[in-house]
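Have a look at the structure below, then the notes.
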Amino acid sequence: MPTLRDAPADAQIVSHQLMLRAGMIRQEAAGIYAWLPLGLKVLKKIEQVVREEMNRAGAVEILMPTLQLADLWRESGRYEAYGEEMLRIKDRHDRDLLYGPTAEEVVTDIFRSYVKSYKDLPKNLYNIQWKFRDERRPRFGVMRGREFLMKDAYSFDIDEASARKSYNRMFLAYLNVYARLGLKAIPVRADTGPIGGDLSHEFIILAETGESEVFAHRDLVEMGAPGPDIDWEGDLQPLVDQRTRLYAASDEMHDQARFEAEAAEGDRMTARGIEVGHIFYFGTKYSAPMKALVAGPDGKDVPVQMGSYGVGVSRLVAGIIEASHDDAGIIWPASVAPFGAAVLNLRVGDAGCDEICEAAYKALSDAGLDPLYDDRDDRPGAKFAATDLVGIPWQLIVGPKAVAEGVVELKNRATGERQTLPLDAALKAIIGG
Ligand code: ATP
Ligand code: MG
């Protein structure tokens with residue numbers, strides 16, 4: 001945990017500053033980062049939340065390679081079209097490869113190799129894999145990197161009606177993901193480009209430093225996620241309609257006249273935000289040129305209907321910090337905290353302190369809290385500052401005076417509340433919630 005007292009001068013936004021100060025990441029090249037122990041733990045936790053919600057909604061995990069054959073992209077016509085954001089590579093046989101910026105072509109190739117009939121549909125395949133986009137202006141740390149971790153899911157359906165159901169499942173699953181991460185995400189209408197239709201949404205979390213501007217009805221901002229217990233096989237349209245009939249758009253799609261017509265003045269919210277997800281129905285855009293055909297009930301082959309669904313997993317690490325911090329540092333929601341609790345030994349080597357700390361560490365470990373034990377030989381003030389900075393939800397503070405009186409101190413990072421109480425009661429408070 002190589003924490004820093006001051007933020008490096010080139011870090012412009014608070015999440016980037018705090019990630020560097022907390023020793024979560026280290027820049028290796030512009031927009032390319034190494035993930036240090038603390039950062040990696042958070043990244044993995046976010047990944048796991050995303051994975052659980054994808055599985056719940058019926059998607060199946062696979063892992064596609066980062067390096068892809070240019071020939072696949074020539075089939076879809078995107079190899080030339082993608083432009084300078086694509087990192088192009090040659091292997092020793094002079095074959096063109098690329099570092100995938102996304103994976104529609106690869107997943108379509110996998111799909112067409114195995115699935116031939118409508119009877120095997122619907123399908124939704126996802127992976128959580130590193131992507132590379134040679135962004136013109138990588139900035140704000142992992143918020144806009146060149147190499148970044150994305151969850152990308154791809155749905156396959158026999159017709160448009162069924163594709164809409166797949167879309168709805170992802171729409172609602174996304175809201176559950178962000179809610180579990182302690183975020184309020186607003187689904188806003190996004191541009192579907194030449195394909196048209198209304199099936200594209202971006203998910204935006206509010207933050208002053210966000211690169212997008214959003215315009216939304218306040219009721220939508222306040223509307224909660226549907227929760228995990230909805231009937232995923234049932235009719236999800238009403239739940240989606242409830243959220244899509246309220247006005248919400250980002251800069252590109254915004255129509256001020258419509259906004260004013262659809263939301264009263266007091267209900268209109270304009271704010272800056274961060275795009276943390278994007279879902280998209282694009283029909284046969286890839287399946288037609290790449291000949292991903294399935295036999296329909298009438299025996300005739302048709303190109304499969306597809307959609308794709310992206311979550312910016314590494315961007316979310318920064319997004320959560322933007323939404324949850326104070327002057328002292330990060331405040332992790334429990335769902336993604338790198339450690340559930342920290343045990344601070346204020347006098348390492350003192351038999352009483354060591355014994356209490358080790359007992360606390362063991363009890364917290366046994367309860368599955370994955371505690372951090374600060375047994376460094378350092379000043380109490382430095383320990384307090386570092387623990388506040390890295391944002392661990394509970395701090396169990398063990399000093400010689402309190403130990404002599406049979407108590408410890410318990411601090412809640414989010415509320416700042418401190419209590420002095422016997423060890424058992426402190427452990428109970430942490431483990432109980
Ligand atoms: P943006 O508009 O921010 O450039 P995008 O529309 O190009 O993003 P998508 O192709 O929709 O991005 O990718 C899905 C998700 O991946 C985005 O919603 C975002 O959260 C994340 N993402 C995209 N580009 C980056 C990047 N350079 N660094 C980190 N995360 C990214
Ligand atoms: Mg997008």
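What you see is a predicted model; the values in this text were computed from it and never measured.
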message = Any carboxylate oxygen within less than 4.0 angstrom of a Lys/Arg side-chain nitrogen, looking at Glu52 and Arg180?
response = yes
Under 3.5 Å, is there a donor-acceptor pair linking the side chains of Tyr309 and Ser155?
-> yes
Between Pro138 and Gly31, the two heavy atoms sitting closest are CB-CA, 3.9 Å
Rounded to the nearest 0.5 angstrom, the OG-CD distance for Ser308 and Glu104 is 4.5 Å
Margin query: Quick one about Gln305 and Asp159 (side-chain donor to acceptor, distance below 3.5 Å, no hydrogens or angles considered), yes or no?
Written below: no
Closest non-hydrogen atoms of Ile274 and Gly210, given as atom of the first, atom of the second and distance, are CG1-CA, 3.8 Å
Heavy-atom nearest pair, Arg268 first then Ala263, reads NH1-O, 2.8 Å
(Q) Check Arg51 with Glu61, please: is the shortest side-chain N to carboxylate O separation under 4.0 Å? (A) yes
Ring centers of His201, Phe171 separated by less than 6.0 Å:
yes
query: Does the side chain of Val50 reach to within under 4.5 Å of the side chain of Tyr178, using non-hydrogen atoms?
result: no
- prompt: Where do Tyr247 and Phe259 land on the ring pair (Phe, Tyr, Trp, His ring centres under 6.0 Å) test, with the steps shown first?
  reply: CA-CA 6 Å; Tyr247 188 93; Phe259 192 28; 4.7 Å; yes
| message | Would Arg88 and Tyr79 count as a cation-pi pair here, with the cationic atom under 6.0 angstrom from the ring centre and within 45° of the axis? | response | yes
Q | Stepwise salt bridge (Lys or Arg N to Asp or Glu O under 4.0 Å) test for Lys131 and Asp152 | A | CA-CA 10 Å; Lys131 305 288 185 288; Asp152 38 325; 2.8 Å; yes
- Query: Step by step, would you call Val343 with Leu364 a side chain to side chain contact (heavy atoms under 4.5 Å, CB included)?
  - Reply: CA-CA 9 Å; Val343 178; Leu364 293 168; 3.8 Å; yes
Quiz item: Could you go step by step and tell me if Ile330 and Leu389 meet the side chain to side chain contact (heavy atoms under 4.5 Å, CB included) rule?
Solution: CA-CA 6 Å; Ile330 304 167; Leu389 171 64; 5.6 Å; no
### Message
Does the structure place the NZ or CZ of Arg189 under 6.0 Å from the centre of the six-membered ring of Phe215, at an angle of no more than 45° from the ring's axis?
### Response
no
Any side-chain heavy-atom pair of Glu265 and Glu260 under 4.5 Å: no
So side-chain hydrogen bond (donor to acceptor under 3.5 Å, both in side chains) across residues 218-232, not counting sequence neighbours, yields Lys184-Glu222
Worksheet entry | Residue pair Leu38 / Pro338, side-chain heavy-atom distance below 4.5 Å | yes
(Q) Tell me if a side-chain donor or acceptor on Asn176 pairs with a main-chain N or O of Ala179 at a distance below 3.5 Å. (A) no
CG (Leu396) and NZ (Lys411) are apart, to the nearest 0.5 Å, by 13.0 Å
Determine whether the side chains of Gln395 and Asp388 contain a donor N or O and an acceptor N or O closer than 3.5 Å.
yes
Worksheet item: Do Met170 and Asn124 have side chains that get closer than 4.5 Å, going by heavy atoms?
Response: yes
Test salt bridge (Lys or Arg N to Asp or Glu O under 4.0 Å) applied to Arg164 and Asp157, step by step
CA-CA 9 Å; Arg164 179 175 279 271; Asp157 286 274; over 6 Å; no
Here the gap from Arg413 atom CZ to Ile331 atom CD1, rounded to the nearest 0.5 Å, amounts to 4.5 Å
Report task. Salt-bridge test for Lys123 and Asp120: reply yes if a basic N is under 4.0 Å from a carboxylate O, no otherwise. Result -> no
Looking only at heavy atoms, the pair that brings Arg26 and Glu28 closest together is NE-OE2, 3.2 Å
Requested in this report: Kindly indicate, with the supporting measurements, whether the criterion side chain to side chain contact (heavy atoms under 4.5 Å, CB included) is fulfilled by Lys151 and Asn127.
Outcome: CA-CA 6 Å; Lys151 183 287 301 179; Asn127 79 165; over 6 Å; no
Smallest heavy-atom separation, Gln68 atom then Thr102 atom, equals NE2-O, 3.2 Å
Side chain to side chain, Asp298 and Tyr118, heavy atoms closer than 4.5 Å: no
Checklist entry - Should Arg137 and Glu135 be marked as a salt bridge (Lys or Arg N to Asp or Glu O under 4.0 Å) after you check the CA-CA gap, both sets of side-chain angles, and the distance that decides it? => result CA-CA 5 Å; Arg137 283 187 68 200; Glu135 301 270 356; over 6 Å; no
Next item on the list: Specify whether Tyr286 and Phe282 have parallel, tilted or perpendicular ring planes, treating 30° as the upper limit for parallel and 60° as the lower limit for perpendicular.
Entry: perpendicular
Value for OG1 (Thr244) from CG (Asp241), rounded to nearest 0.5 Å, stands at 5.0 Å
Query - Phe156-Phe111 aromatic ring centre distance below 6.0 Å - result: yes
- Message: Please check if the number of heavy atoms outside Lys116 that lie under 6.0 Å from its NZ is greater than 12.
- Response: yes
task: Using modelled atom types only, decide if a donor and an acceptor are shared between the side chain of Ser287 and the backbone of Val304 within a distance under 3.5 Å.
output: yes
Side-chain heavy atoms of Tyr99 within contact of Arg133, under 4.5 Å: no
**Asked** For Glu233, does the CD atom sit with more than 12 other heavy atoms under 6.0 Å from it, leaving out its own atoms?
**Response** no
query = Under 30°, 30 to 60°, or over 60°: which ring-plane class applies to Tyr361 and Tyr373, parallel, tilted or perpendicular?
reply = tilted
Check your understanding: Ring centres of Phe148 and Trp130 under 6.0 Å apart?
Key -> no
Quiz item: So, the side chain of Gln17 versus the backbone of Ala11: is there a donor-acceptor pair under 3.5 Å, distance only?
Solution: yes
Exercise for review: Take Ile13 and Glu322 through the test side chain to side chain contact (heavy atoms under 4.5 Å, CB included) and record every step on the way to the result.
Suggested key: CA-CA 8 Å; Ile13 62 171; Glu322 289 292 329; 3.4 Å; yes
Legend entry - Validation row: Thr108, Glu75 side chains within 4.5 angstrom (heavy atoms): no
Taking every heavy atom of Leu18 against every heavy atom of His325, the minimum-distance pair comes out as CD1-CB, 3.8 Å
If we only count heavy atoms from C-beta on, is the Thr209 to Val14 side-chain gap below 4.5 Å? no
Practice item. Answer yes when Asp134 and Arg146 have at least one side-chain N-carboxylate O distance shorter than 4.0 Å, and no when they do not. Key: yes
Rounded to the nearest 0.5 angstrom, the CG-CD distance for Leu172 and Gln237 is 9.5 Å
Salt-bridge present (Arg144, Glu275; N to O < 4.0 Å):
no
Separation between CG (Asp191) and NE2 (His278), nearest 0.5 Å, reads 8.5 Å
request  = Return yes if some donor-acceptor pair links the side-chain N/O of Arg243 with the main-chain N/O of Leu239 below 3.5 Å, else return no.
outcome  = yes
Q: Considering only NZ, NE, NH1 and NH2 on the basic side and carboxylate oxygens on the acidic side, decide whether Lys362 and Asp366 come within less than 4.0 Å.
A: yes
Item checked: From CA spacing to verdict: salt bridge (Lys or Arg N to Asp or Glu O under 4.0 Å), Asp370, Lys41 -> CA-CA 11 Å; Asp370 191 13; Lys41 272 180 158 282; 2.5 Å; yes
> How about His254 and Glu252: does a side-chain donor come under 3.5 Å of a side-chain acceptor?
Replying inline: no
I'd like to know if Asp96 pairs up with Lys90 as an ion pair, taking the criterion as any Lys NZ or Arg NE/NH1/NH2 lying under 4.0 Å from an Asp or Glu carboxylate oxygen. yes
